[in-house]
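Remarks on the structure that follows.
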Amino acid sequence: MPEFTLDHVVIAVRDLDGATADYAALLGRGPSWHGSHPTYGTRNTLFRIDNTYVELLSLGKSKGGRWAGELAKFLDKGEGLYALALGTRDVDADVRVLRGHELPVQDPADGDGVDELTGNRRAWRNAAVPVKASNGVRIFFIQHRTPPDALPVAPVSAESGAHVKRMDHAVVLSPDVEASKKLWGDVLGAR
């Protein structure tokens, strides 16, 4: 059974600059990264905390890209939790195992992001589960190709002790509890 971590949560937003200011106030931290995904047609702001990071995701300036169409449809219905990214050491091997458990996972693909302020690049390889197969929750698996320090820890901007340090857990709501228990417990190995 593959061992996954909660790599990050992705929150879809229409106004990236406004949402960045709101989440900076909520988290008590400045952003770690203001970036774009050239191949996906999206832009993002990342807040890295001790054990994961929060990604605010919006549409890029161009309307094309691998994820832009799906994100636009999601945003037509409103903003909110868009996806859970599960970290892995070997996405290609884990996809083979998950397919053996009859979970349809898309073929792994390379991705990259560019920090708009510094020009720094991060690279990864990921594979998504179709939403229908995950009971409505967008899930993708990500293997980072750059070292963890390529994404700096979000600087504390609030008074001492008034900032978010770690994420304790994520709650997944589902209309089919048994199917979700099978997916998250039996297939993905989550508690």
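For clarity, every value in this text was computed on a predicted model and none was experimentally measured.
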Task: Polar contact flag, side-chain donor to acceptor under 3.5 angstrom, Ser174-Asn135 - done: no

TODO: Look at atom CZ of Arg145 and say whether more than 12 heavy atoms of other residues, nucleotides or ligands are closer to it than 6.0 Å.
DONE: yes

TODO: Could you pull out the closest heavy-atom pair between Leu59 and Ala68, with the gap in Å?
DONE: CD2-O, 3.4 Å

Task: Donor on one side chain, acceptor on other, Asn120 and Thr118, under 3.5 Å - done: yes

Task: Value rounded to 0.5 Å, distance of CG in Asp15 from CG in Asp22 - done: 8.5 Å

TODO: Working to the nearest 0.5 Å, report the span between CG of Leu188 and OG of Ser180.
DONE: 10.5 Å

Open item on the list: Under the ring-ring contact (aromatic ring centres under 6.0 Å, His included) definition, can you give me all pairs with a residue in residues 132-163, not counting sequence neighbours?
Closed with: Phe4-Phe141, His8-Phe140, Trp67-Phe140

Task: Exercise: identify the closest heavy-atom pair between Pro104 and Ala133 - done: CG-CB, 3.5 Å

- [ ] Inspect the contact between Glu178 and Lys181 and indicate whether a charged nitrogen and a carboxylate oxygen are less than 4.0 angstrom apart.
- [x] yes

Task: Within 45° cone and under 6.0 Å: Arg48 NZ/CZ vs Trp33 ring - done: no

TODO: Please identify each residue that fulfils ring pair (Phe, Tyr, Trp, His ring centres under 6.0 Å) with Tyr23, with sequence neighbours left out.
DONE: none

- [ ] Report yes if the side chains of Leu56 and Arg43 come closer than 4.5 Å at any heavy-atom pair, otherwise no.
- [x] no

Task: Nearest atoms (heavy-atom pairs only) where Gly35 meets Glu116 - done: O-OE2, 3.6 Å

TODO: Is it possible for you to say whether Val187 and Ile142 belong to one hydrophobic cluster, with membership spreading through side-chain heavy-atom contacts below 4.5 Å?
DONE: no

- [ ] Heavy atoms only: give me the nearest Pro152-Ser32 pair and the separation to one decimal.
- [x] O-OG, 2.7 Å

Task: Side-chain touch Arg14/Glu79, heavy atoms, less than 4.5 angstrom - done: yes

Task: Distance, nearest 0.5 Å, that separates OG of Ser58 from CD1 of Ile11 - done: 12.5 Å

Open item on the list: Glu102: which residues meet the salt bridge (charged side-chain N to carboxylate O under 4.0 Å, His left out) condition with it, sequence neighbours left out?
Closed with: none

Open item on the list: Taking Leu57 as the starting point, is it possible to reach Phe47 by hopping between hydrophobic residues whose side chains are less than 4.5 Å apart?
Closed with: no

Task: Pair Val129-Leu103, side-chain contact (heavy atoms from CB on, under 4.5 Å): steps then yes or no - done: CA-CA 8 Å; Val129 176; Leu103 183 65; 4.0 Å; yes

Task: Asn51 side chain vs Met167 backbone, donor-acceptor pair below 3.5 Å - done: yes

Task: Joint hydrophobic cluster, Leu27 plus Leu151, side-chain heavy atoms closer than 4.5 Å - done: no

Task: Non-hydrogen side-chain atoms of Ile139 and Leu86 separated by less than 4.5 Å - done: yes

Open item on the list: Taking salt bridge (charged side-chain N to carboxylate O under 4.0 Å, His left out) as the definition, give me every residue that meets it alongside Asp92, ordered by chain and number, with sequence neighbours left out.
Closed with: Arg125

TODO: Begin with the C-alpha distance, continue with both residues' side-chain angles, and end with the deciding distance and a verdict on side-chain contact (heavy atoms from CB on, under 4.5 Å) for Leu6 and His169.
DONE: CA-CA 9 Å; Leu6 178 58; His169 65 280; over 6 Å; no

Task: Non-hydrogen side-chain atoms of Val95 and Asp107 separated by less than 4.5 Å - done: no

Open item on the list: On a heavy-atom basis, which atom in Gln106 and which in Ala127 lie closest, and how many Å separate them?
Closed with: O-CB, 3.4 Å

- [ ] Using only heavy-atom distances, determine whether the side chains of Asn44 and His37 contain a donor-acceptor pair under 3.5 Å.
- [x] yes

Open item on the list: For a quick test of reading the model, state the closest non-hydrogen atom pair linking Ala24 to Ser157 and the distance between them.
Closed with: O-OG, 4.3 Å

- [ ] List in chain and number order the residues that pass ring pair (Phe, Tyr, Trp, His ring centres under 6.0 Å) with Trp184, two or more places apart in sequence or in another chain; answer none if no residue qualifies.
- [x] none

Open item on the list: Is there a side-chain contact (heavy atoms from CB on, under 4.5 Å) between Val54 and Arg29? Walk through the geometry before answering.
Closed with: CA-CA 11 Å; Val54 175; Arg29 291 178 173 272; over 6 Å; no

Open item on the list: ring-ring contact (aromatic ring centres under 6.0 Å, His included), that's the test. Do Tyr82 and Phe74 meet it? Break it down for me.
Closed with: CA-CA 8 Å; Tyr82 183 68; Phe74 182 91; 5.0 Å; yes

Open item on the list: Between Thr146 and Arg121, is there a side-chain heavy-atom distance shorter than 4.5 Å?
Closed with: no

Open item on the list: Suppose we screen for side-chain contact (heavy atoms from CB on, under 4.5 Å). Which residues come up paired with Leu173, at least two apart in sequence or across chains?
Closed with: Val171

Task: Any donor-acceptor pair under 3.5 Å from Thr45 side chain to His34 backbone - done: no

Task: Single-linkage hydrophobic cluster, 4.5 Å side-chain cutoff, Leu84 and Leu71 together - done: no

Open item on the list: In this structure, would Val105 and Leu183 fall into the same cluster of hydrophobic residues linked by side-chain contacts under 4.5 Å?
Closed with: yes

Task: CD on Gln143 to CG on Asn126, rounded to 0.5 Å - done: 10.0 Å

